[in-house]
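To start, the structure itself, in structure tokens.
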Amino acid sequence: MKIFTKKRIMVLCLLAFSFLLINAFFKNSLKNFVYSKSESLMASLWNNGANQSFSGKNQEELNKKLIEENQKLLSDLADFQKIKEENNFLRNSLDLGLEKNFDLMIGRIISKDILSDFLLINIGSNSGVKKGFPVIISGKVLLGKVIDVYPSYSRVMLITQKNNLIDVEIPDSEIFALSKGAGGLNLALDMVARDKELKNSSLIVTSALGGNYPAGLLMGKVRNAKKIDNEAYQTAEIEKVFDLNAINNVFVIKIAEIYND
Amino acid sequence: MIKEIVKTLALFIGMYYLFIFESSYLSFFTFFSFLLLFVLVVNLLEEPQGRLGLFSAFFFGLLLDIYSAHYIGLIALSFLISSLLLKFILFKYVRIPSFSWIPKI
């Protein structure tokens, strides 16, 4: 018995040729068509999954964690009130305008790739989405960026996608570093200078250095900081501040220029 | 011939709904792909002359292509060629028992 028969090789060549034609002329419209046919089913399954996974968590543990976070936020709020007053006074004195708000578009998550960290959302080029636009959730938490745009849908590469590099900074200790996606919804912090002191639980935000994202979007918190003797840089894990299970809607930021695509 | 086409269509429709279920609902609970496991098991245990493994590998690859950022056909053809190679290696060099009760296309 032969496995590679003439007929099979012919079929393979024909398939390859037809795929080439499809990719050259109908790739985006074909994908858009398939997504539009499966959108309602996928969106309802996504909602069901989100609800069930959320209710399945240990409620008591969740409550305890929320109370602790609430207390911390209240104390932070008191500090921020003072800073806000100072800030307003300085802005008025220096005649500066208010910080420009983002121009946002709202989208709904339809599905997540099985083998990698990509999301499909239900807004596309018809709504003005372009490749490279950052995607956030409420609280200015960065989720990723648009890497593929179809007429009514877009594909978002999450910050956790393997080898996705983002310039970040830790504002409280003035450290500039790189966030590196590790795949499987995990993130690592890399290229932290050895002479800097990396504290666990410090907040990490995006830096304007890379040119891909606006500065100041929240990425996560430092966890398990490591300084190994024979390594040139310090590393750490990044504790994400978003829980994919609890997200249904996302915001796409319209930015004027994309420096690095 | 018609029977074969109906079986192939049924396989594709079944895999399509399973894929949708995996990429939307199951993505909250597991990173594991049951479809990938199905394709692997069928390809390993099927009789060498069977075509279920080839079709399932091709369809799974095609669905991955469509629902990801890849070019359409890239993973589909890679999986199909891998499946053919696996069958060739298993038939020529490896002696593992195959299961005749696996449905044929």
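Values below: every heavy atom of this structure, side chains too, minus hydrogens, waters and symmetry copies. What you see is a predicted model, and the numbers here were worked out from it, not measured in a lab. Each chain gets a letter, A, B and so on, in the order its sequence line appears, and its residues count up from 1.
- Of the two parts of A:F26, neither the backbone nor the side chain holds a non-hydrogen atom closer than 4.5 Å to a non-hydrogen atom of chain B.
- Within the 4.5 Å cutoff, the side chain of B:F58 has heavy atoms near those of the A:L15 side chain.
- Atoms OG and CG, from B:S68 and A:L120 in turn, are 10.5 Å apart once rounded to the nearest 0.5 Å.
- Counting only distance, with no hydrogens or angles, the side chain of B:Y67 and the backbone of A:K112 share no donor-acceptor pair below 3.5 Å.
- The parts of A:I114 that come within reach of chain B are both its backbone and its side chain, each placing non-hydrogen atoms under 4.5 angstrom from that chain.
- For chain B, the nearby part of A:D148 is the side chain; its heavy atoms alone come within less than 4.5 Å.
- With rounding to the nearest 0.5 Å, the separation of CD1 in B:I20 from NZ in A:K37 is 12.5 Å.
- Interface remark: A:Y153 contributes no atoms to any contact with chain B (heavy atom separation under 4.5 Å).
- In this structure, the side chains of A:F4 and B:F88 come closer than 4.5 Å at one or more pairs of heavy atoms.
- We find the OG-CG distance between B:S24 and A:N47 to be 10.0 Å, quoted to the nearest 0.5 Å.
- One finds the NZ atom of A:K27 at 9.5 Å from the CG atom of B:D65 (value rounded to the nearest 0.5 Å).
- To the nearest 0.5 angstrom, A:S116 atom OG is 8.5 Å from B:L64 atom CG.
- Annotation: the span from B:Y25 atom OH to A:S44 atom OG amounts to 11.5 Å, rounded to 0.5 Å.
- Neither the backbone nor the side chain of A:L20 comes within contact range of chain B; no heavy atoms are under 4.5 Å apart.
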